[in-house]
Amino acid sequence: MHIRPSLVPALAATALLLTACGTEHAGAGGTGASAPSPRTGIDDPGKDGVRITKLTLPQESPTPDSGRSASVDGPPYRNDLVEDPTGDSGIAAAFEVTNTASQSLTYTVIVSFLSSDGGAMASGTATVRDVGPGKTMSGSVRAGHLPPSTPRVTRAKVLKVTKVPAGEAPAASGACPASGIRVGADDGDAAMGLRIVGLHLDNCGTRDYTVEGYPLLELLDTDLKTVHGIRILAGSGEITTGAGPDEKPRRVTLKPGESAHSSLVWRNTTEAGPAVNVPYVRVRAKAGAEPVTVTPNLDLGTTGKLGVRPWEKADPAHSAGTRRP
């Protein structure tokens, strides 16, 4: 496809509308644009209600009247000719999220930026919150900085989608829920089949908050239905001694700005029978607390058990006021 010179400024202006990773925009409910042509580099069929609608790439030779960016079917480019002082490559993808479920959902979308041979050159992650039933919303991700030697990006694809009930989504970075309590999970650690994912509890409110014992867990499948047949163990000693000794549950009072942590511990051993994967875990800090659904992707194999360690007060260096976003 050949772009007339008169269209390049419009394309550049369009590219400037793409914002940084994690942005979201309201879209027309239940409607979507027609499927893009494969010639535009957007030939990915999408995944779980998410599809890419636009891929923006930088031009090889920016000029005063053409801007820095064009759509993927514009002039070719080389990464080393991008002169953005922030180091951003200028590569971005816009996408749409359509919710076909009967409840409002919050989506986390990972987009992979690919070279012509299908190799992944970079990825970007965005969260689109509160997508109502039957509604469509949009978002965008950026590839960020790419070394000059990186092969040319020509395509983008939806790599992974997670979705949780909108009212149970972990709070956005820097935000504090009305409860004054923020619950989340880290990326975890894996070694020799042993898996450990940390749970974090931050008191971001104005009053003391007390927990005692273990987080309360409900395991959920891809349809957010309860997974049965998995034993949730108090402590991790039955699974491994590598996570340290099991501490006795104790009363933990968090002042504003303080944090506590727990952890989920399991093995992904697979023997006889079908393996069990649990993508979502609904967490309550204690009985009566508001639930938060996290996405640790538990690959439990055929072990049939998951260990959970009790809440412990975190080191002040990892408190809600000083932890990195």
Side-chain angles (χ1 to χ4, degrees), residues 19-26 97 99 103-110 124-132 135 137-142 161-188 196-218 220 224 249-264 279-297 308-325:
T19 53
C21 169
T23 56
E24 55 196 72
H25 313 280
V97 177
N99 180 7
Q103 62 178 324
S104 294
L105 298 173
T106 287
Y107 290 74
T108 298
V109 179
I110 302 177
T125 302
T127 298
V128 183
R129 296 180 177 274
D130 302 323
V131 184
K135 300 296 183 180
M137 294 178 67
S138 60
S140 63
V141 297
R142 303 188 74 91
V161 177
T162 57
K163 48 193 175 184
V164 301
E168 299 179 10
S173 177
C176 186
S179 65
I181 297 301
R182 186 169 50 231
V183 176
D186 61 29
D187 292 334
I196 302 175
V197 166
L199 297 179
H200 306 284
L201 172 63
D202 301 329
N203 183 353
C204 55
T206 59
R207 300 179 179 179
D208 290 358
Y209 189 81
T210 299
V211 291
E212 184 172 5
Y214 302 87
L216 304 180
L217 309 179
E218 182 182 358
L220 306 175
L224 299 172
R250 64 190 67 184
R251 187 179 181 88
V252 176
T253 298
L254 303 176
K255 297 184 179 300
E258 293 186 331
S259 301
H261 62 85
S262 173
S263 55
L264 308 179
Y280 304 107
V281 177
R282 180 174 285 139
V283 181
R284 288 179 171 83
K286 62 181 180 180
E290 294 294 324
V292 175
T293 298
V294 297
T295 56
N297 293 302
V308 56
R309 295 170 66 85
W311 289 120
E312 298 180 49
K313 184 173 286 190
D315 184 278
H318 297 86
S319 67
T322 58
R323 184 183 304 153
R324 293 181 181 179

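Proximity of Tyr209 to Lys286: side-chain heavy atoms (C-beta onward) are separated by under 4.5 Å at one or more points. In this structure, the side chains of Tyr280 and Glu168 stay at 4.5 Å or more apart for every pair of heavy atoms. Looking at Leu217 and Val308, their side chains come closer than 4.5 Å, going by heavy atoms from C-beta outward. Annotation: side chain of Leu105 is not in contact with side chain of Val164 (no heavy-atom distance under 4.5 Å). Annotation: side chain of His261 is not in contact with side chain of Leu199 (no heavy-atom distance under 4.5 Å). Between Thr106 and Val128, every side-chain heavy-atom pair lies at or beyond the 4.5 Å cut-off. Looking at Ser263 and Val197, their side chains never come closer than 4.5 Å, going by heavy atoms from C-beta outward. The side-chain heavy atoms of Trp311 and Pro215, taken from C-beta on, include a pair separated by under 4.5 Å.
Annotation: the span from Lys163 atom NZ to Leu224 atom CG amounts to 8.0 Å, rounded to 0.5 Å. Interatomic distance, Glu312 CD to Ser262 OG, rounded to the nearest 0.5 Å: 8.5 Å. Atom-to-atom distance recorded for Lys313:NZ and Thr253:OG1 is 7.0 Å, nearest 0.5 angstrom. Distance check, rounded to the nearest 0.5 Å: CE of Met137 to CZ of Arg129 gives 11.0 Å.
Nearest heavy atoms, Gly198 versus Asp186: N-OD1, 2.9 Å. Across all their heavy atoms, Thr293 and Pro170 have their closest contact at O-CD, 3.4 Å. The two residues Arg207 and Pro256 come nearest to each other via the heavy atoms N-CG, 3.8 Å. Across all non-hydrogen atoms, the minimal contact from Val109 to Val97 is CG2-CG2, 4.4 Å. Minimum interatomic distance between Pro165 and Gln103 (heavy atoms only, all atoms of both residues): CB-OE1, 3.8 Å. Of all heavy-atom pairs spanning Asn203 and Leu254, the tightest one is ND2-O, 2.8 Å.
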Assess whether side chain to side chain contact (heavy atoms under 4.5 Å, CB included) is satisfied between Leu264 and Ile196, documenting all intermediate values. CA-CA 6 Å; Leu264 308 179; Ile196 302 175; over 6 Å; no

Give the intermediate values and the outcome of side chain to side chain contact (heavy atoms under 4.5 Å, CB included) for residues Tyr107 and Val161. CA-CA 7 Å; Tyr107 290 74; Val161 177; 3.8 Å; yes

Walk me through whether Arg282 and Leu220 qualify under side chain to side chain contact (heavy atoms under 4.5 Å, CB included). CA-CA 7 Å; Arg282 180 174 285 139; Leu220 306 175; 3.9 Å; yes

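Side-chain polar atoms of Thr162 and Thr295 form no donor-acceptor pair below 3.5 angstrom. In summary, the side chains of Ser259 and Asp202 do present a donor paired with an acceptor at a separation below 3.5 Å, with no hydrogens or angles considered.
Taking 4.0 Å as the cut-off between side-chain N and carboxylate O, Glu290 and Arg284 do not count as a salt-bridged pair.
Partner of Pro296 under the side chain to side chain contact (heavy atoms under 4.5 Å, CB included) criterion, out of Val283, Asp187, Val281: Val281 alone.
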